[in-house]
Structures are given as structure tokens and as C-alpha cells.
Amino acid sequence: MKKRNKLKILNDPIYGFITIPNELIFDLIEHKYFQRLRRISQMGLSYLVYPGAHHTRFHHALGCMHLMQKAVRVLRFKGVNISEEEEEALYVAILLHDIGHGPFSHAMEHSIVNEVNHESISLMFMEKINEEFNGSLTLAIQIFKGEYDRNFLHQLISGQLDMDRLDYLKRDSFYTGVSEGNINSERLITMITVVNDELVIEEKGIYSVEKFLLARRLMYWQVYLHKTSLVAENLLIRVLQRAKELVNSGVKLPASKALSFFLENRITFDNFTPEVLELFSRLDDYDVVSAMKEWVYSDDFVLKTLSAMIIERDLLKIKIKKKPFKTESKQKQIEKIKDEYQISDEDARYFVFEGTISNQAYHQNKQNINILFKSRKIVDIVEATDEYNLEALSKPVKKYFMCSPKYKH
């Protein structure tokens, strides 16, 4: 049999050519669990707001790996010792860091599985692949979990200035066309170094860090927490909750085998067996969209109306305020919809609901972003900068929202 060339080059619209560094990485990319990420959009339903935002988790994972290659080169150039095993483990860990995401990402964690976050599922996938690959992912898993004795390796994968954030801000900004998120990830990577096993940024990179934190704040308000995306994601959560409720009361709903399983069963961390993982790996955006296209014709008023809202992009209206909504304003909306559609109080609550959103661009005291001055002094970015806004960026901003139907007359 002819040996395959596994050292491929991929073309990325943001970084140009991305090289696959070795055969193990190639085999992981080929794996069905990783290929599934081509069918999971990076930004959920944001394409209902930004029509270009159809890029996938697959895209993003490869971009992160590319940035990690740059980071390893920069650190070695600065005399930081990274062995070949550690280098490979970094590529594996960053490549697989998002492999546990379900369809439309965060909406799943509130409806299809109960409080099992994507990080735990990513870890389960890594451990499963590790068995198939005869333990060659062991070091990557240790670094991913933060259990390896060199902390800065973990910070490159999961920290406040990690390769994940450096890729998604730039990529999401590119695909949405929101230029505020367009950070200079190359310059930031060029400025990193390691002191006492911790990642630090050289003094001359201080403005790039400021721009990065500001970009993060703007992207959250303008893109990730955009009011229309917020409505759509909340509707999706409710569609799935309603479907689950109906299936549990004995109603037969058209859905793929994998989706039906998660609608019929209450899956928590404790019963997430290897069999459940296998079924989860068969779930992607396509299952959910094709199910909703069928549910538009359901006999259930709530399910069909909510599904149609997403499929036809005729969403609920949303109000966002700095203070909580008064109970009576919500009750008034509930009464109005009960009257309009002749439905029960319980059903009305699927169309009138409230929630909170918060945005914190920088979490001080949580793996700080530290600046290394020429004097070798190390200072947290908030203290190191003369940009007074950064202190404000490290405080959470909370807002309240309420969704309710638009009335045609």
C-alpha cells in the first residue's frame, strides 16, 4: 500500500498557509471526532445577525494550533526550553481543546445535557482517543488539565491570553466583519516570554495587551452578547426543553437517532458513559436544524411556534436594561400572550422570559496578565498601564434582559 503524505498544508483565510507539524496531528485531524467539528458552527446562531459568521469549530481549532506553533518558536528563540514531547503535547491539547462542544455550543449545556460542560466532554473525548492511540496523548491531557509541573504550558492553552482567545477574537472579527475585534495576535505572541514558570508579556507589548482586552470587551457587547443572538440562543434552549418535555410525556417527535436519545434521557455527568459519548459524537448542528425544520409542523403550539421563529428568523423582541425588570411588566406580557393565543400560563412562559448577561474582559487575580519591565520587575497589566479604562474592564458589568413576542397588530 502506498504510504500517504501526512505533512499537509492547509490554506486559512486569516493566517495564510498552516502546516500540519507531524503524523500524530494529521491522524487526530482525520479522526471522526475531530471531523465532526466541521459541522459545528463556532458562533452558534450569530449568523442570524452577521451573515458571514458561518465558520466552524474545525476552522478555529486549526487556527489555534497554528498560533501555538508560533508561540513555541518564539519561546525557544528566547531560550525557554521546550522538549519535543512537550511541543507535540501542546499541539495536541490546543487542537482538541474544543472537541467536546455540542451543536450550537452553549445552548446544549442548558438543554440536551444537564450541567455537563464542554470542557468535561472534551476531556472524555481526549481520554477515549488516547486509548485508541496507545497513550500518545497522555502528556497533552496532563497539560490540558493543568497537572503538569510546568504551568506556563497550561497557560498557553487556557489562560487570559491563550492561543484560544487570540484565535477566536481575530477569526470571529474576520467572519462577522466587526473590525473592533481584529487584534494583532502575531505581535502579542512575539512579546511573550516565561519567568519563574509563568507566562509574561514584555514591556513593549503593553499596548497590544490593552488593545486585546478592549477588543474582547467590544466583541462581547457587539457580537457574542448581541441582543438578536441572545434571543436566538434563548429560543433554541427553549425549543429543546419543550421537545424534551413532550418526548417525556410520550409524544413522538421526528429527530435523528442521536438527538432522540438525548431528548428521551436525562444525561448528567454521572451517567455520561462511553456509549453516551459515542452518541454525543454523532450530534451536530445539522441534527438540530433538521429537527426544527420538521417541528415547525408539530401539533404542539409552543414547539412549532418557537421552531418557526428560529427557522424563519422571526424572533421575539428583547429589551436590555441595567436594572432588573419589574415583576408586573413580565406578568402583563404573560397575560397578553395568554389572551392572544389562548394558551396556559405555563406555555406562555416559553415566550416571555428574562435573564442576565455579564461581561468582564479581564479577571484580575485569575491567572493575571503580567508585564515584564526592563528592570525585571513584574506587574499586573492593570497596575502597569496608564490606561485608566483597564481597571473598569476588570469589573463585571451586568445587564438584564426580557424577551416577549412582537404583536402583528
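Keep in mind that the numbers below use all heavy atoms, side chains included, and drop hydrogens, waters and symmetry copies. Predicted model, so just to flag it, every value in this text is computed and none were measured.
Thr56 and Leu37 get closest at one heavy-atom pair: CB-O, 3.4 Å. Heavy atoms only, all atoms of each residue included: Leu96 and Met126 are closest at O-CE, 3.6 Å. Considering all non-hydrogen atoms of both residues, Phe262 and Leu279 come closest at CE1-C, 4.0 Å. Here the shortest heavy-atom pairing between Ala93 and Ala140 reads CB-O, 3.8 Å. In plain terms, the two heavy atoms of Asn359 and Tyr220 that are nearest each other are ND2-CB, 3.4 Å. Closest approach of Tyr91 and Pro21 over heavy atoms only: CD1-CG, 3.6 Å.
Annotation: the span from Tyr168 atom OH to Asp98 atom CG amounts to 10.0 Å, rounded to 0.5 Å. A distance of 12.0 Å separates CG of Leu156 from SG of Cys64, quoted to the nearest 0.5 Å. Interatomic distance, CD1 of Ile183 versus CG of Leu188, reported as 6.0 Å (0.5 Å rounding). Taking CG from Leu153 and CD1 from Ile94, the interatomic distance works out to 12.0 Å, rounded to the nearest 0.5 Å. Separation of atoms CD1 (Ile9) and CD1 (Ile20) is listed at 9.5 Å; rounding is to 0.5 Å. Taking CG of Leu137 as the reference point, atom CD of Glu88 lies at 8.5 Å (rounded to 0.5 Å).
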(request) Could you please spell out the steps behind the side-chain hydrogen bond (donor to acceptor under 3.5 Å, both in side chains) verdict for Glu275 and Thr273? (result) CA-CA 5 Å; Glu275 293 72 37; Thr273 60; 3.2 Å; yes

(message) Between Asp167 and Ser185, does the side-chain hydrogen bond (donor to acceptor under 3.5 Å, both in side chains) criterion hold? Intermediate values first, please.
(response) CA-CA 7 Å; Asp167 181 81; Ser185 43; over 6 Å; no

(message) Show, in sequence, the C-alpha distance, side-chain angles and deciding distance for Ile267 and Phe280, and conclude whether the side-chain contact (heavy atoms from CB on, under 4.5 Å) test is met.
(response) CA-CA 11 Å; Ile267 299 300; Phe280 186 86; over 6 Å; no

(request) For the pair Leu24 and Ser136, evaluate side-chain contact (heavy atoms from CB on, under 4.5 Å) and give the outcome as yes or no after the intermediate values. (result) CA-CA 9 Å; Leu24 172 64; Ser136 49; 3.9 Å; yes

(request) Take Glu87 and Arg76 through the salt bridge (Lys or Arg N to Asp or Glu O under 4.0 Å) test and state the conclusion after the steps. (result) CA-CA 10 Å; Glu87 176 185 9; Arg76 280 188 175 151; 3.0 Å; yes

(request) Evaluate ring-ring contact (aromatic ring centres under 6.0 Å, His included) for Phe34 paired with Phe58, printing each intermediate quantity in order. (result) CA-CA 7 Å; Phe34 191 77; Phe58 184 86; 5.3 Å; yes

(request) Determine, step by step, whether Arg171 and Asp12 satisfy the salt bridge (Lys or Arg N to Asp or Glu O under 4.0 Å) criterion, reporting the C-alpha distance in whole Å, the side-chain angles of both residues, the deciding distance to 0.1 Å, and the verdict. (result) CA-CA 10 Å; Arg171 188 168 300 278; Asp12 182 77; 3.0 Å; yes

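Here the two rings, on Tyr50 and Tyr175, have centers that are 6.0 Å apart or farther. Aromatic pair His55/Phe174: ring centres not closer than 6.0 Å. A centroid separation of less than 6.0 Å is found between the aromatic rings of His97 and His60.
For Gln35 (side chain) and Ile29 (main-chain N/O), a donor-acceptor pair under 3.5 Å exists by modelled atom type. Looking only at distances, no side-chain donor or acceptor of His66 sits under 3.5 Å from a matching main-chain atom of Ile18. Side-chain N or O atoms of Asp380 include one that pairs as donor or acceptor with a backbone N or O of Val382 at under 3.5 Å. Although no hydrogens or angles enter the test, the distance criterion places no donor-acceptor pair under 3.5 Å between the side chain of Trp295 and the main chain of Ser290. Without hydrogens or angle criteria, Gln333 side chain to Lys330 main chain gives no donor-acceptor distance under 3.5 Å. Side-chain atoms of Arg36 come within 3.5 Å of backbone N or O of Ile99 as a donor-acceptor pair. In terms of modelled atom types and a separation under 3.5 Å, the side chain of Ser158 and the main chain of Gln155 share no donor-acceptor contact. A donor-acceptor contact shorter than 3.5 Å links the side chain of Asn248 to the backbone of Lys244. Under a 3.5 Å cut-off, the side chain of Lys32 and the backbone N or O of Arg282 do not form any donor-acceptor pair. Counting only distance, with no hydrogens or angles, the side chain of Arg376 and the backbone of Leu372 share no donor-acceptor pair below 3.5 Å.
There is a side-chain donor-acceptor pair under 3.5 Å between Ser208 and Arg187. Between the side chains of Ser120 and Asn117, a donor-acceptor pair is found at a separation under 3.5 Å. Checked by atom type, the side-chain pair Asn184/Tyr207 shows no donor-acceptor distance below 3.5 Å. Inspection of the His154 and Glu147 side chains reveals no N or O donor paired with an N or O acceptor under 3.5 Å.
Between Glu245 and Arg242 a salt bridge is recorded (basic side-chain N to carboxylate O distance below 4.0 Å). Of the charged side-chain nitrogens involved, at least one lies within less than 4.0 Å of a carboxylate oxygen, so that Lys78 and Glu202 count as a salt-bridged pair. Residues Asp300 and Lys304 are not paired through a salt bridge, judged by the lack of any N-O separation under 4.0 Å between the basic side chain and the carboxylate.
Residue-environment remark: CG (Asn196) stays at or below the threshold of 12 foreign heavy atoms within 6.0 Å. Other residues, nucleotides and ligands place more than 12 heavy atoms under 6.0 Å from the NZ atom of Lys321. Within a 6.0 Å sphere centred on NZ of Lys293, heavy atoms belonging to other residues, nucleotides or ligands number 12 at most. Within 6.0 Å of NZ on Lys211 lie more than 12 heavy atoms contributed by other residues, nucleotides or ligands. Other residues, nucleotides and ligands place more than 12 heavy atoms under 6.0 Å from the CZ atom of Phe325. Dense packing is recorded around CG of Asn11, with more than 12 heavy atoms of other residues, nucleotides or ligands lying under 6.0 Å away. In this structure, Phe301 places its CZ atom where more than 12 heavy-atom neighbours from other residues, nucleotides or ligands lie under 6.0 Å away.
Note that Lys399 lies in the cation-pi zone of Trp221, set by a 6.0 Å cut-off to the ring centre and a 45° limit from the axis.
Applying the salt bridge (Lys or Arg N to Asp or Glu O under 4.0 Å) rule to Asp172 yields no partners; only residues at least two apart in sequence or on another chain are considered. Considering only residues two or more places apart in sequence or on other chains, Glu198 meets the salt bridge (Lys or Arg N to Asp or Glu O under 4.0 Å) condition with none of them. Arg39 pairs by the salt bridge (Lys or Arg N to Asp or Glu O under 4.0 Å) definition with Asp284, not counting sequence neighbours. Looking at residues two or more places apart in sequence or on another chain, you find a ring pair (Phe, Tyr, Trp, His ring centres under 6.0 Å) between His118 and His101, His106. Applying the salt bridge (Lys or Arg N to Asp or Glu O under 4.0 Å) criterion to Lys377, with sequence neighbours excluded, gives no partner residue.
Legend: ring pair (Phe, Tyr, Trp, His ring centres under 6.0 Å) pairs involving residues 123-146, not counting sequence neighbours, sorted by first then second residue: Tyr33-Phe125.
Relative orientation of the Phe401 and Phe353 rings is perpendicular, given thresholds of 30° and 60° on the angle between their planes.
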